[in-house]
Each structure stands twice: as structure tokens, then as C-alpha cells.
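Just so we're on the same page: letters track the sequence lines, and every chain starts at 1.
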Protein chains: 2
Amino acid sequence: MPDTTDPAPMNAPSRRKFRREGEGRRRQDLIEATLDSVAEHGLQGATLRTIALRAGVTAGLIRHYFPGKEELLQESYTALVGRMTELAKAALVMDGASPRQRLAAFVTANLNAPIIDARVFSLWATFIGRAGADTALARAHREGYLGFRNEVEAVVAEVLAAEQRKPDAGALRHHAIAINAIIDGLWMEGCLAGEMFSPGELATIGIKAVEAELGLAPQDQFQQK
Amino acid sequence: MPDTTDPAPMNAPSRRKFRREGEGRRRQDLIEATLDSVAEHGLQGATLRTIALRAGVTAGLIRHYFPGKEELLQESYTALVGRMTELAKAALVMDGASPRQRLAAFVTANLNAPIIDARVFSLWATFIGRAGADTALARAHREGYLGFRNEVEAVVAEVLAAEQRKPDAGALRHHAIAINAIIDGLWMEGCLAGEMFSPGELATIGIKAVEAELGLAPQDQFQQK
DNA sequence: AGGCTATTTATACACTTGCACAACAAGGCC
DNA sequence: GGCCTTGTTGTGCAAGTGTATAAATAGCCT
């Protein structure tokens, strides 16, 4: 029995208008939409249709740019990690600053916006929760973490060298691990409960803790600029 | 046209045998199966059928103990948080120990098994990633975190009192926040990459960092027991 | 032993999901 | 302008989802 009802009378074949975008742009839009979806609804809520809707396209298009959903998620996570580490490292390039000032700036940068950010934390946690089962995710994290820690270790070495101290490799590594933990821990606290801390408070706590870890004498206020 | 094929010849009505368990036991089994499923396959992979299979029951039974999937997940998370904080606090009850020893024991306990555990971390990350969107989750975490930090603050106060130091409330709070961050950060590192550290190494790093934060003189080896 | 009831199984259902594919049209190329 | 490539849409489908509910049975009570 054929369908006699005609919901769209005659002018029916209205098809959605669209624009062709460059491959780079579309991929980036899709990745951004994926991260937004994951941040908002978790991995379970990030369906192809949700993502496509947010990106302003239809679901079928995703398969034109990515082999499948898993690849889209992996590329999205890689993009996220890349952006995070890039931001963190950017705080280290300060020409004409003392090692100690650079270390303090590094800590400060990592304990304020945009690195302290609830959305980024939500994404990080969601993805990292699967690192135990997903080796690709685990490796992506491991590389990012070690890169970060090496940066810390390099700055610490400079700071101590400026203080005429020459720690052995083991002590240096321990300092880097501890400082890394301080930054990570405060980062988590700030992301999860930012309103519990006054602006700049976390950075102050972090700098003090890091300098205590390195056994640096408290910095005189007048030397700081 | 009726079905003439008879796949299960006559003896068909074989139904799965089962045992009736007490309500408490079943609920606990279901929660444990839920946590296992989430840890292994993430929230998206934790389906009612998977959970039921792991618990040794059929999916329908879950609805007999929980109104829906969401309630099961929430109760599971609550159980997880409860177990974690319980473990952490248990390390603090040491009769006849000096405050400093208790603090060190607290740090040590939190940086070794069973608190350093990849499965627990995976669970924690998976759930906490949704704290930004789920207010019930966020509150559960907030309470756990503040409880933990208050414990830290209390021990820190004892330690400093034993050293004849009387910090004001603000300094005490900052110490607690920093120490909390040190423990959290090292906990994360240990859970994510435990094999990168030798046994007890994280605890050593943690104790040193905490004592540096509090400005305690390095402990003599012979005074420790 | 025999029945009662709450626990448990099994099936059904409406809905969503990721993926496949055919139709279509946007925009560069001649 | 007209064609041709390919980015894009829309539809279809099988598998899986949470939930609802009827049928069965385990184990206690008398």
C-alpha cells in the first residue's frame, strides 16, 4: 500500500544548502565540535550526530574526513594535548629574565587561565580515564608528560646553577617530579574548584611550594622586577 | 505462516538456574560489577548487559534494585569515593606516634598501593570528568576533597605546634592546599606511570617535598623510629 | 509438604548508535 | 556556459541501548 499522505506538498525535494570548505578547516571544525561534545556530555554523549550538528554539518560527512569515530576521538585528544603543552611551554620563553623569574612565570602561567579551565580539565579527565585500556591514549599522555617534566627539569637545573649548586641527576629528577606534582595538583584543584581560591592565590601557593622544594631563600620583594 | 522449525526440541524450556541473594549482597555485587565495567570500558562501555553479565545475573535484575542506570552509576561513584577516603584516613590513626611521623605515614600511605592503583585512578578520572556537568558528582567530590584537606590541615597544625610554631589560619590553609596538591600530583603520576618509579620512590619524594613546604629541618635517620 | 511471595529470568519494544551508500550540488576548469 | 570532480546530504540498516513487563522459580513460613 503506497503512502498517500504527502507531508511535503510537491515542493518537497528541498535539500539543505551547504558550502564546501577546505579540508583543513572542516577537520578542525569537526575536532573542535568533538571536544565540545565530549566536554559537555562525556564520551557517551559525543555521538556522531551530536558532533555533526555542532559542527554545522550532517553526520555522514564525518566519514569523509575520518575513517571512523575512534580516529576522530584520537585526533581530537592529540590536538588537545598539543594545545595544552604548547600553552605551558610558551610561558617559558622570556628573554632577559633570570632562571628563577622564568620558573616563577612558568608556575604562574600554569595556575591561571587559560590553563586553569574547567572545560579543559573535563576533557583531560575524560580521556585520561581511558588511558589504562587504550594504549594509544596512554602513549600520547606519556609523551606529553615527559616533555613537560623535561622542561621543568631544565629550568630547575638553570635555577640551581644560578645559585652555585650542582645537584646530581637523581636529585634533579626528584625535584622535577615533585615540582611537576605541585603544579599538577594545584592545577586540578583550581580547575575543579576555582571559585574557592582568590585570583592569583594558587600561583602564590605554587611558587612558594616550588621554591621551598628547591630550598631557595625567600625572594626579596624589591628584587622581583 | 507458523514457525515449523523447532530449534530446541521439546526439552526446550531450559531456564537459567539461579540463587536468591540477600539485597545487600546483590547491590554490592552490582556496584562492584559497575565499577569494574567502567574501569575497563569507560562509561560508554558500561552497559546494563555488561554489568549484569559481570555480576552473574541478567540485565533485568538491575531494575529490581536500582530505579535506573543513572542511579546505579551514582551509587557506584559514592561507594568508590567512600572507600578511597576511608583508606586515606586510616593511615592517620597511629597511636603513640609523633605528629611528624603521622604526617610522613599519611604521605607514604597515599603514595603506595592500594591507593596508588591504575584501576581506581581510571575510575576517578572517568567520573570526575563529568563533574563539570553533573552537580551531584561535583558535590560528592567537593565533600571528599574538603574532608581530605581538613585532615591534612589538622595534622599540619599538630606538626607545627610540636615545633613551637603558631601559624595563622591563612598560612595553615596555604600549607594544606600545597601539601594536598603534592599528594594529589604524585598520586596521579604514580597511577599513570607507576613503573617509572622505583618502589617507595614517590613516597620519599612526597615526604621531602611536604617537609620542605613546612620548612622542617631534614629528619635524622636515627630519630625516625 | 505445599503454597506465597519476592527475586530472578526472559522477552519485547522503542529508540539510538555507527556505518554504508546512493543521490545531489558547489565550485573549479576547460 | 557546461561539465566533472568531490564535498555534502539524506536515507537505510543491523546491532546495541535502557526500560517495561510477563513468566518462572527459589526459598521461607506454617
task: Report yes or no: is there a donor-acceptor pair, N or O only, under 3.5 Å between the side chain of B:Arg49 and the base of D:dG18?
output: yes
Quick test: give all pairs of protein nitrogen or oxygen and nucleotides 26-30 of chain C nitrogen or oxygen below 3.5 Å, distance rounded to 0.1 Å.
unit_1, atom_1, unit_2, atom_2, d
C:dA26, N3, A:Arg20, NH1, 2.3

Does the side chain of [X] reach to within under 4.5 Å of the side chain of [Y], using non-hydrogen atoms?
X	Y	value
B:Leu35	B:Arg83	yes
B:Ile62	B:Ile51	yes
B:Asp184	A:Asp184	no
A:His141	A:Phe127	no

message: Can you tell whether the side chains of A:Glu75 and A:Lys69 come within less than 4.0 Å, N to carboxylate O?
response: no
Ionic contact status for B:Glu21 with B:Arg19, cut-off 4.0 Å: yes
- prompt: So B:Ile128 and A:Phe121, side chain to side chain contact (heavy atoms under 4.5 Å, CB included) or not? Walk me through it.
  reply: CA-CA 9 Å; B:Ile128 209 66; A:Phe121 176 80; 4.1 Å; yes
Would you tabulate the side-chain donor-acceptor contacts of residues 146-156 of chain B under 3.5 Å, counting partners in other chains and residues two or more places apart, or write 'none'?
unit_1, atom_1, unit_2, atom_2, d
B:Arg149, NH1, B:Tyr145, OH, 3.3
B:Asn150, ND2, B:Leu146, O, 3.3

query: With a 4.0 Å cut-off on heavy atoms, is B:Glu21 in touch with a base, just the backbone sugar-phosphate, or nothing at all?
result: sugar-phosphate
Report all side-chain donor-acceptor pairs from residues 38-48 of chain B shorter than 3.5 Å, counting only partners two or more places apart or in another chain.
unit_1, atom_1, unit_2, atom_2, d
B:Glu40, OE1, B:Arg54, NH2, 2.8
B:Thr47, OG1, B:Thr50, N, 3.1
B:Thr47, OG1, B:Thr50, OG1, 2.9

statement: Rounded to the nearest 0.5 angstrom, the CG-CD1 distance for A:Asn110 and A:Ile182 is 12.5 Å
statement: Separation between CD1 (A:Ile116) and CG (A:Leu111), nearest 0.5 Å, reads 5.0 Å
- prompt: Considering only heavy atoms, which members of residues 66-74 of chain B lie under 4.0 Å from some atom of DNA chain C?
  reply: none
How many Å lie between [atom1] on [X] and [atom2] on [N], as a whole number?
X	N	atom1	atom2	answer
A:Arg15	C:dA22	CZ	P	14 Å
A:Leu53	D:dG10	CG	P	12 Å
A:Ile51	C:dG18	CD1	P	7 Å
A:Leu30	D:dT9	CG	C1'	14 Å

- prompt: Any chance CD of A:Glu71 has more than 12 other-residue heavy atoms, nucleotides or ligands included, within less than 6.0 Å?
  reply: yes
message: Within residues 54-65 of chain A, which residues have any heavy atom lying less than 4.0 Å from an atom of DNA chain D?
response: A:Val57, A:Thr58, A:Gly60, A:Leu61, A:His64, A:Tyr65
field: Near-strand residues of residues 32-45 of chain A, defined as heavy-atom separation under 4.0 angstrom from DNA chain D
entry: none
- prompt: Do you know which of A:Arg27, A:Arg119, A:Arg26, A:Arg25 makes salt bridge (Lys or Arg N to Asp or Glu O under 4.0 Å) with A:Glu32?
  reply: A:Arg119
